Participant: 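Okay, handing you the structure first.
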Amino acid sequence: MSNVAIIYSRPNEMKDSRFGFSEHWALLGTVLHNVGHKVVLLDYSVERFDKNHFLALLQKELIQLIVIEFDSFTIKRSENDRHGNEIIRLVHEHYPNVKIVAYGHYCCITDKDVFNTDYTVKTNNLNDILFAVHDVLPECFQKFSFDSPDDVPFIDRQFLCEQVEFLNQNRKSTLICTAHGCENTCTFCHRQSFQSKYLSRSDESVLSEFAILQQQGFINVWITDDNFTFNLTRAKRILTALVEQKIIAEMKIAISSWMNIDEEFLDIAKRANIKIISFGIESSDEEILRFYKKKNNLEQVKRIVHYADSIGIFTVGNFIIGAPMETNETIENTFAFIRDCGFDQIHIKTLVYMQGSRIYENLPPNLKNTTFQFACKENGLNSFALNDLTVIKKKFLDRYYEERSITTKQKIEKYGIPFEKS
Ligand code: SF4
């Protein structure tokens with residue numbers, strides 16, 4: 001059996017420690033651990049990186065292979081290529097015989113080999129990462145693959161907790177993925193470039209994994225599907241079964257969803273202990289929504305958010321400002337819409353042209369020299385200075401949370417806090 005370190009490097013921009021972990025990083029660790037390899041899991045988005053300690057660890061554990069994730073710029077995370085490259089440089093310099101495999105959304109999007117690696121995986125596919133592991137050290141790692149999403153083992157969360165102290169300290173919380181992809185058409189979304197098809201696990205597989213989470217005592221469970229309600233019938237069916245089988249009675253669940261849902265879904269979600277729903281709305285301006293190819297019926301949005309609020313589900317609204325046709329008036333209208341809806345939490349992002357998204361494809365060549373561009377006056381993508389957009393957002397959010405504080409307090413008193421402290 002062989003010795004492998006699986007690494008998630010430090011994000012280029014550190015945010016608060018993110019809840020959870022990368023799914024491929026965790027699955028790869030689980031799969032190689034299950035077949036008896038010595039696996040060291042390192043997550044530098046939540047652990048401190050110390051160069052000497054890292055090099056000593058590789059030596060102590062007789063590491064033969066490094067598998068390192070290069071993540072992309074997304075709403076929740078940041079690229080981590082700088083630290084990933086630094087780690088590869090260190091390994092190359094100190095242990096030239098150690099093999100290196102790079103994988104991750106960054107590799108898919110840029111479609112380029114990462115410097116000094118033995119193999120760069122440019123697809124978002126666990127089988128391809130496992131193939132690369134076998135390919136660079138065939139005498140150490142057997143060749144195997146999974147025929148369907150249901151064949152992939154469940155993430156071994158106990159093993160993750162043994163390996164990463166941050167996860168051990170947050171033992172009440174975890175992530176679960178029931179489906180990948182979303183075939184919606186949002187032009188700012190870069191997911192289609194690495195996950196163009198919607199791929200879901202069977203209901204039985206999802207229910208079995210939830211049953212394990214229940215046995216292991218997880219309370220806060222974040223369903224990390226890109227869009228859990230993309231197949232609304234399936235989403236209703238899974239939640240209903242979870243309720244009927246009393247699997248989630250003690251859990252608090254969060255999901256991300258588009259707006260194509262109905263009151264029936266919210267009633268089921270309420271019974272299924274879904275405490276938080278994060279919605280992508282983006283704007284209240286029809287022209288901007290057309291630019292984003294986002295088909296939101298704004299009256300329906302309001303109705304759904306009000307209904308969720310009335311039954312005690314906490315709502316998160318995700319918005320974007322900075323489209324080319326954005327004006328002070330469209331921004332003010334969007335802010336008024338947010339107030340009308342009454343979200344419990346708001347995320348307002350400045351529009352980012354991310355490599356892999358449709359809007360990035362149409363950028364002039366001089367703006368394609370990085371993997372993302374924030375839209376602003378400075379680069380000609382709208383008429384607002386980048387800093388002005390930041391100030392506008394901050395002012396609004398400060399005011400909004402101040403105005404909303406009593407309502408939120410009352411909601412928490414009535415329905416409890418949406419997620420338990422770990
Ligand atoms: S609904 Fe969400 S996941 Fe789907 S394309 Fe739009 S932004 Fe991407």
Side-chain angles (χ1 to χ4, degrees), residues 18 20 22-24 71-79 104-106 108-109 124 149 175-201 222-235 254-262 265-266 269 274 276-298 300-301 304-305 308 315-323 326 334 338 341 343 345-362 371-375:
R18 75 194 150 80
S22 147
E23 191 200 9
H24 271 159
D71 210 347
S72 66
F73 186 99
T74 65
I75 282 169
K76 287 184 198 130
R77 299 188 191 166
S78 118
E79 288 179 346
H105 296 159
Y106 183 90
C108 305
I109 287 168
N124 186 39
L175 314 177
I176 182 170
C177 184
T178 83
H180 288 113
C182 162
E183 293 174 25
N184 204 1
T185 53
C186 310
T187 53
F188 56 82
C189 181
H190 68 342
R191 276 163 226 227
Q192 284 97 345
S193 67
F194 50 79
Q195 188 70 50
S196 59
K197 289 267 168 286
Y198 174 74
L199 282 179
S200 60
R201 292 165 52 193
W222 197 289
I223 300 180
T224 56
D225 302 14
D226 297 324
N227 179 358
F228 179 63
T229 53
F230 178 70
N231 180 340
L232 188 58
T233 310
R234 172 184 180 267
I255 61 166
S256 295
S257 169
W258 62 0
M259 289 309 312
N260 294 352
I261 60 170
D262 52 27
F265 173 77
L266 292 173
I274 290 198
I276 303 174
I277 306 184
S278 180
F279 293 110
I281 324 286
E282 326 312 351
S283 174
S284 73
D285 185 83
E286 298 288 355
E287 192 190 352
I288 294 175
L289 287 173
R290 273 197 298 281
F291 173 72
Y292 294 150
K293 289 206 179 348
K294 187 101 191 181
K295 295 182 200 103
N296 277 342
N297 173 331
L298 295 170
Q300 186 203 2
V301 171
I304 289 291
V305 175
T315 58
V316 181
N318 294 284
F319 291 83
I320 299 173
I321 57 174
E326 196 84 79
T334 294
I338 291 172
C341 289
F343 293 97
Q345 202 181 338
I346 299 291
H347 295 145
I348 306 173
K349 304 283 172 192
T350 299
L351 176 61
V352 188
Y353 288 66
M354 289 182 281
Q355 191 167 4
S357 68
R358 287 179 207 168
I359 50 172
Y360 184 93
E361 282 166 27
N362 298 328
T371 52
F372 62 90
Q373 285 282 350
F374 280 101

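In this text the structure is predicted, and so the values were computed from the model without any measurement. As the structure lists them, so they are numbered: ligands from 1, and atoms in each ligand from 1.
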Participant: Hey, is the main chain of Cys186 close enough, under 3.5 Å, to the side chain of Asn184 for a donor-acceptor pair?
Facilitator: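 Answer holds: no.
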Participant: Mark whether atom 1 (S) of ligand 1 lies under 4.0 angstrom from at least one protein heavy atom.
Facilitator: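 Within 4.0 Å of atom 1 (S) of ligand 1, protein heavy atoms are found.
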Participant: Identify the closest protein heavy atom to atom 4 (Fe) of ligand 1: which residue and atom is it, and at what distance?
Facilitator: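 I find the closest protein heavy atom is Cys182 SG, 2.2 Å.
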Participant: Within the side chain of Gln373, is there an N or O that forms a donor-acceptor pair under 3.5 Å with the backbone of Gln355?
Facilitator: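 Flag not set: sc Gln373 to bb Gln355 has no pair under 3.5 Å.
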Participant: Quick one: closest heavy-atom pair of Asp225 and Arg234, and the distance?
Facilitator: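 Shortest heavy-atom contact: OD2-NH1, 4.4 Å.
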Participant: Side chains of Ser72 and His190, heavy atoms from C-beta outward: is any pair under 4.5 Å?
Facilitator: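 Side-chain contact under 4.5 Å: yes.
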Participant: Is the Phe265 ring parallel, tilted or perpendicular to the Phe228 ring (thresholds 30°, 60°)?
Facilitator: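 Tilted, since the angle between the ring planes falls between 30° and 60°.
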Participant: Do any heavy atoms of Glu183 fall under 4.0 Å from ligand 1?
Facilitator: no
Participant: What's the shortest distance from atom 8 (Fe) of ligand 1 to any protein heavy atom, and which residue and atom give it?
Facilitator: Cys189 SG, 2.4 Å
Participant: In the protein, which heavy atom is nearest to atom 6 (Fe) of ligand 1, and how far is it?
Facilitator: Cys186 SG, 2.3 Å
Participant: Counting from 1, what ligand 1 atoms have a heavy atom of Gln192 closer than 4.0 Å?
Facilitator: 5 (S)
